[in-house]
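Presented below is the structure to which this report refers.
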Protein chains: 2
Amino acid sequence: MTRNPDETRARLLGAAFEEIHRHGFQGASLTGILARAEVTKGAMYHHFASKQELGYAVVDEVLKARLEAAFFVPLSERENFIDGLLHTMAKSMEERGAMLADLGCPLNNLAQEMSPVDEGFRVRVDRLFGWWRDGLAEGLRRAIALGQVRGDIDPEGVALFYLAALEGCIGLAKNARSVEMHARCLGVLAEYVNGLRA
Amino acid sequence: MTRNPDETRARLLGAAFEEIHRHGFQGASLTGILARAEVTKGAMYHHFASKQELGYAVVDEVLKARLEAAFFVPLSERENFIDGLLHTMAKSMEERGAMLADLGCPLNNLAQEMSPVDEGFRVRVDRLFGWWRDGLAEGLRRAIALGQVRGDIDPEGVALFYLAALEGCIGLAKNARSVEMHARCLGVLAEYVNGLRA
DNA sequence: AACAATACAGACCGGTCGGTATGTTTGAGA
DNA sequence: TCTCAAACATACCGACCGGTCTGTATTGTT
């Protein structure tokens, strides 16, 4: 058996991400994570000090990378900011719509479950939400300067509201197990976003 | 020791609600619930068949009553629907703002945690969300007929979006542990709601 | 080749979990 | 007053939890 510590670590992170996404952090058992990763307990405790530290690493590494791929990258694929924003919504809908309606947003799931329970999770998730929000607000500010977006709006407030609405749509759709509800909710959000154009 | 089965049951429901609100259903231990309720395990298993059934009863009874008190009642305290809606937001903000920014919305917490894990919870929570959404949509339809709200909107879609945004605001504020963020997010939502006026 | 240090493997541990079995007390109806 | 079901109380159970411990195999270093 050839060894590959980096791959072992990556497999643990991937398996932990999926188990946590499905069962929540508290509901995810170490045994389940290890089985999915096909890694033994000894290996896992060699790479991570505890289940908690493994969870933290999932936020810092896996969730961060996913957020970048799902938001920042597609956003930059359009010249116009509003077009870019609508593009991120459409793309995530077609690429991960079923998954989102089924299991919800991994980041927000963790936020809702862990923020009252574990400060370490709360801070880490808050960092990612802050990054996301700042990206939105900054984009809005630039778009206002470029005359793409109305100048009478508060960029920070709208960024916050957009994020809230987006996560809310995913959350409701997840509870209803309905991609159709997800699409419908995003449709109204898209109207709101279009209403921001100058 | 005088006996009072109804009160015992009510105490169990109340304690379960609070423990679940703080730790989530999976994270809430029976022991903790029993300690808070000052009720023994025997008494609890006399009134409820399992922890799951206790949780179901919390949704069907406690959460339902709270939703009625927090939404349907204040909504009907204003003639104009938009005024009523803003009134529910203001009232819940001032009466439960700290609690919401701390622990979030009990109904949505349960939705996010349990819907992928337990179909019984999912269905029950979905029932309450449906009730809420229908109340909003029906109110919007009547308000349109009364000329209070623009006629070019889709009542069901807006109702869904409003609910999503509201829950999203609470969720983000909870993760940030910030009543100020909660207020700010609700402020933008209030602008949106005001924009619905005819 | 010798030696560490790293990377695992897996048995084992104490504790807590939800749940049960059995016994006792209480109070309403006959 | 007697009876019996309802309303509790408590000791206990097996399962599973996260975590540890000891041992072993692999790999880079000298």
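In the text below, chain A, chain B and the rest are named by the order of the sequence lines, each starting its count at 1. Values reported hereafter were calculated over all heavy atoms of this structure, with side chains retained and with hydrogens, waters and symmetry mates removed.
Going from atom NZ of B:K41 over to atom P of C:dT24 covers 21 Å, rounded to whole Å. Rounded to whole Å, the distance from OH on B:Y45 to P on C:dT20 is 7 Å. Per the geometry, CE belonging to B:M44 stands 12 Å off C1' belonging to C:dT20, to the nearest Å.
B:D60 and B:R127 are joined by a salt bridge, as a carboxylate oxygen and a charged side-chain nitrogen come within less than 4.0 angstrom of each other. Remark: A:K174 does not engage A:D102 in a salt bridge, criterion side-chain N to carboxylate O under 4.0 Å. Between B:E7 and B:R11 there is a salt bridge, since at least one side-chain N of the basic residue sits less than 4.0 Å from a carboxylate O of the acidic one. Note on A:E61 versus A:R9: salt bridge recorded, some NZ/NE/NH1/NH2 to OD/OE distance being below 4.0 Å. Salt-bridge formation is not detected for the pair B:D154/B:R141: no Lys NZ or Arg NE/NH1/NH2 atom is positioned less than 4.0 Å from an Asp or Glu carboxylate oxygen.
The aromatic rings of A:F17 and A:H21 sit tilted relative to each other, their planes meeting at an angle between 30° and 60°.
A heavy-atom distance below 4.5 Å is not found between the side chains of A:V125 and A:M114.
Listed by residue number, there are no residues of residues 10-39 of chain B with a heavy-atom contact under 4.0 Å to DNA chain D. Within residues 112-120 of chain A, no residue has any heavy atom closer than 4.0 Å to DNA chain D. For DNA chain D, the residues of residues 48-57 of chain A within the heavy-atom distance limit of 4.0 Å (strictly under) are A:S50, A:K51, sorted by number.
In this model, the phosphate group of D:dA11 is not approached by any side-chain N or O of B:T40 to a distance below 4.0 Å at OP1 or OP2.
Separation of the A:Y192 and A:Y162 ring centroids does not fall under the 6.0 Å cut-off. The aromatic ring centroids of A:W132 and A:F72 lie 6.0 Å or more from each other.
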Polar atoms only, N or O, under 3.5 Å: list the protein pairs with nucleotides 5-7 of chain C and their distances.
unit_1, atom_1, unit_2, atom_2, d
C:dA7, OP2, A:H46, NE2, 2.8
C:dA7, O4', A:R3, NH1, 3.4
C:dA7, N3, A:R3, NH1, 3.1
C:dA7, N3, A:R3, NH2, 2.9

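Cation-pi geometry between B:K91 and B:F71 is not satisfied (NZ or CZ under 6.0 Å from the ring centre, within 45° of the ring normal).
Side-chain contact of B:N108 with B:Q112: a donor-acceptor pair under 3.5 Å is present, judged by distance alone.
Evaluation of the ring pair (Phe, Tyr, Trp, His ring centres under 6.0 Å) rule for B:Y56 yields B:F121 as partners, not counting sequence neighbours. Shown here are the disulfide (SG to SG under 2.5 Å) partners of B:C105, two or more places apart in sequence or in another chain: there are none.
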